[in-house]
Amino acid sequence: SSYEIVAKNKKGFALQHRAAICVDVESMCPLSWRQKVFNSFDFDKPCPFDQADEGPSGGMQVFEPASVRNSPFYVPDRIIRYTGEASPMDPWDDPDEDGEQFEEVQDDLEQDL
């Protein structure tokens with residue numbers, strides 16, 4: 001029924017409604033002010049991951065608490081990042097080795113528990 005669909009998606013509908021209000025209010029502001037605010041976000045600067053990795057540009061860096069990883073809804077990043085200096089001469093890591101190392105660490109942790 002329609003009620004079940006709305007009840008199931010009420011949070012999404014609420015967020016969509018809030019976003020529509022924000023867009024309406026923003027459209028009332030002068031273009032020069034909106035450009036000034038947008039440019040203050042520095043989207044052209046990279047979002048650093050660590051000293052050797054500048055990261056991608058076009059975003060805003062947000063730090064999340066470590067407790068996020070304990071959530072049952074946590075989905076690990078699909079991008080594998082390597083620390084340290086990068087060089088075109090460095091060899092690519094073998095993805096199979098990473099999986100084996102992870103399994104070894106996991107086995108060690110399970111034995112300790």
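What's counted below: heavy atoms across the whole structure, side chains too, no hydrogens, waters or symmetry copies.
- For Arg18, there are no side-chain hydrogen bond (donor to acceptor under 3.5 Å, both in side chains) partners at least two apart in sequence or on another chain.
- For the side-chain hydrogen bond (donor to acceptor under 3.5 Å, both in side chains) test, no residue two or more places apart in sequence or in another chain qualifies with Tyr3.
- Under the 3.5 Å distance criterion, the side-chain polar atoms of Ser27 are matched with a main-chain donor or acceptor of Asp24.
- Within 6.0 Å of atom CD in Gln61, more than 12 heavy atoms from other residues, nucleotides or ligands are found, so the atom counts as buried in its surroundings.
- Scored by the ring pair (Phe, Tyr, Trp, His ring centres under 6.0 Å) test, Phe43 finds Phe38, Phe41 as partners (sequence neighbours excluded).
- Put simply, SG on Cys22 and NE2 on His17 are 10.0 Å apart, with the number rounded to the nearest 0.5 Å.
- No donor-acceptor pair under 3.5 Å is formed between the side chain of Glu26 and the backbone N or O of Arg34.
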(request) Could you walk me through whether Val37 and Trp33 pass the side chain to side chain contact (heavy atoms under 4.5 Å, CB included) test, one step at a time? (result) CA-CA 6 Å; Val37 170; Trp33 182 83; 3.6 Å; yes
